[in-house]
Amino acid sequence: MAETEGTAVLQVQSAGEADMWRQRVPPSGSTTTQGVAPVALVCVRMTEIIDYGRFGERLAQKRSRWELLGEIQREWGYEDPGGEPLVTRAGEAPDYETDEARPIPEALLEWWDFPLNSFAFRPRLYWTHPQWPPTGPDSVGHPPGDEVCVFMAEYQYCNEWGYLASESRLPDPKVVVNTEDGWVTQSRSISEFFLQLALERLPGHFGWSIRVPREDVAGNPAIVERLRASYQELGLLPWQELGADALAYGGPDAMIWHVRGPGAIAIHGRTRDAAIQVADTLGIAWTEEQLDSPKEAPLPVADLDPASFAEGDRDDRLRWTVRSTSAAPTVRTIPDVSGLRGLSGRTSTAADREGTTVVAGDSSGRVHLWATDGTQAADRALHRAPVTAVAYQPVGDDGLVVSGDADGVLRYWLTRQDPLRAAFDRRRSPVTALAAVTFENGPVVAAAWADGLVRIWDLLTNCVADLPLGTGIESLALCPEGSLHVTTAQGTAELQLDLGRLWPTRELRQRLDEIAWGSLWAGRGPAHEVPGLIADVASEDEDTAQAAVKSLYELLAYRGTASPSAAVHAVPFLVERMLIPTNRARNTLLLLIADIADGRGEAREAVQEALPSLLHLQDDENSSIRWAAAELVRNCGDPE
């Protein structure tokens, strides 16, 4: 695999909001969907070692704390996911108006409005509740002679953080937290608190971690002695939460949290080697099972050659065939509208095939839409990087707008509705081209990134296919009859798409969509997740297929008790997948079917009806499948 220089970052995958077509969107950056082509990945090597033992120097610099917070987020792997924040001041209290008698410190307002606020975009990274507007404590009293204005609380409200009402007119007052000893100072300022909160949460999520239990530390005091001798404190006050009183230390690419007392130690490294180096320095014996890998893996970046096509070329999976090539790139005429002529910082322009609408993006991240009579239909701030590609496609009485930017973020919206808050997709490479069209079966979007990957979505079913076509793609065009035109500096190639091979689970997803899964019950409530998981069982990626079966176990298999209603409708699809010899999860899938039969009710009856079609698996060449088939027969009773 190729190796490139640069600071490694872990791609954040944000959960998509309700799709405008089918009330769901493909998971941002998903590489686990059926139809994804195998591509070479780039191993990114950390070339800059950051010594957090010198963090106190950064903390003492006279500069914006929000700038430092942004640096810390990036250093530990958080990336701006694009789209709109999930948590906002207006969303928390839509009708709130500031009260001059109880002013809000400027720093708290600045945090809410910080455009790279990882809490606002991914609050589950923090496991805390924001409190807006700040209010009094929920479960404890105020300190003597003053009041606390709480703005953040631990999930169970065991700890609440706030500022003193007597200091509310200060721009950046200290933060206090309730402990067993009463209210104590947590951070020297609000801005320092949010920096400290990120340092406490993000390394454990994005880093390599080794955790040393309290009893191990107490039984070997030399560990703490070596910690103090080998590493510097970060310069922050002890973190107070859930009875812990923890100091943070820093080293090369590593942070160490020690609960004083003595208490437990948590080691977090930006790299695997950094975490191991700390453990070895402290004299901690560890095993591979104790070394936790990052909870989010980097999304792949394709390592591809420049795109090159010759007539008759085809994909190794027959998803496309080059029908023709031309030396001159295809140029689509853009209608001349007055708004377009006067748009400052224009970076990209497109129009629909009929030339009824013009869409443009600019260097500030805004997307503009005009009718050809010059009437401006929309002007929206959708991106935090220059817009690098746009596309427009009429859809019935509506219009579909797609835009991509230099950070690799895709946004789309139907013009009669608000854009999806979450990014439609995101990859760690700039978007270079976009296209949209309506095929006979519905709307389709294609995108190209600078690393050479082209991704094509069927929006009605959320099927997606990745085509590693190569770098240097300057524009894309989709034709209604099912072809893709790819333009590079060398010319344009027309690729005829085989839609069946491009989206092999499309027909399955259509049949799944005929069932009102939201009205059915699964293990954790309404069965919204079930159809997507069944489709994932059909994935050509074994890890994806196996993970889907595991999740379906939790939702559908209730051994010894009545199965949830969703299991009845899921059984025929599961049996169908089991009868496909190339399915990558057949061993665990058959056990799932067998365990559904071990329950009671209609789901068991559905498995019994399908049993004759599965009996031949008792003679399968795979021993695990033979064993699972025996379990199935036993749970269903006499096959006669």
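A salt bridge is absent between D315 and R501: the closest approach of a Lys/Arg side-chain nitrogen to an acidic carboxylate oxygen does not fall below 4.0 angstrom. A salt bridge between R421 and E84 is absent, with no side-chain N of the basic residue lying under 4.0 Å from a carboxylate O of the acidic one. Taking a cutoff of 4.0 Å between a charged side-chain nitrogen and a carboxylate oxygen, D466 and R455 qualify as a salt bridge. With respect to the salt-bridge test (charged N to carboxylate O, under 4.0 angstrom), the residues R427 and E79 do not qualify. The pair R428-D451 does not meet the salt-bridge criterion, since no charged nitrogen lies less than 4.0 angstrom from a carboxylate oxygen.
The nearest pair of heavy atoms linking W76 to D253 is CH2-O, 4.2 Å. Residues W257 and M255 approach most closely at NE1-CE, 3.4 Å, considering heavy atoms. Taking both residues in full, the closest heavy atoms of A566 and W517 are given as O-CZ3, 3.8 Å, listed atom of the first, atom of the second, then distance. Nearest heavy-atom pair, A307 versus I473, reported as atom, atom and distance to 0.1 Å: CB-CG1, 4.3 Å. Across every non-hydrogen atom of S118 and Q73, the tightest pair is OG-OE1, 2.7 Å. Contact between N635 and R604 at its shortest, heavy atoms only, is O-NH2, 2.8 Å.
Checking side-chain atoms of D398 against main-chain N and O of V395 turns up no donor-acceptor pair under 3.5 Å. In this structure, N583 contributes its side chain and V537 its backbone to a donor-acceptor pair below 3.5 Å. Remark: the backbone N or O of G500 is not paired with any side-chain donor or acceptor of W503 at under 3.5 angstrom. A donor-acceptor contact shorter than 3.5 Å links the side chain of R626 to the backbone of D620. Side chain of R426 to main chain of D80: a donor-acceptor pair is present (N/O by atom type, distance under 3.5 Å, no hydrogens or angles). At distances below 3.5 Å, at least one donor-acceptor pair connects side-chain atoms of W449 with backbone N or O atoms of G408. Looking only at distances, no side-chain donor or acceptor of E609 sits under 3.5 Å from a matching main-chain atom of A606. Q496 places a side-chain N or O within 3.5 Å of a backbone atom of G482 that can act as its donor or acceptor partner. Judged by distance alone, the side chain of T271 and the main-chain N or O of A274 form a donor-acceptor pair under 3.5 Å. Under a 3.5 Å cut-off, the side chain of T492 and the backbone N or O of S326 do not form any donor-acceptor pair.
With a 4.5 Å cut-off on side-chain heavy atoms, D280 and W286 count as touching. A heavy-atom distance below 4.5 Å is found between the side chains of L591 and W627. Looking at V530 and H569, their side chains never come closer than 4.5 Å, going by heavy atoms from C-beta outward. Counting heavy atoms from C-beta outward, T488 and P306 have side chains that stay 4.5 Å or more apart. You'll find the side chain of H205 reaches within 4.5 Å of the side chain of E296, heavy atoms only. Using a 4.5 Å cut-off on side-chain heavy atoms (C-beta onward), L502 and L467 make contact. Within the 4.5 Å cutoff, the side chain of L589 has heavy atoms near those of the R577 side chain.
To the nearest 0.5 angstrom, L556 atom CG is 10.0 Å from E529 atom CD. The line from CD1 of I593 to CG of L617 is 8.5 Å long, rounded to the nearest 0.5 Å. In this structure, CG on L125 lies 10.5 Å from CZ on R201, to the nearest 0.5 angstrom. Distance check, rounded to the nearest 0.5 Å: OG of S483 to CG of L495 gives 8.5 Å. Separation of atoms CD1 (I210) and CG (D292) is listed at 8.5 Å; rounding is to 0.5 Å. Separating the CG atom in D595 from the CG atom in L632 is a distance of 10.0 Å, to the nearest 0.5 Å.
Between W127 and Y155, the ring planes lie perpendicular to each other; the angle is over 60°, past the 30° to 60° tilted range. Using cut-offs of 30° and 60° for the angle between ring planes, the F206 and Y78 rings count as perpendicular.
The local environment of CD in E481 is crowded, with over 12 non-hydrogen atoms from other residues, nucleotides or ligands closer than 6.0 Å.
The one candidate from R511, R509, Q510 that meets the side chain to side chain donor-acceptor pair (under 3.5 Å) condition with E507 is R511.
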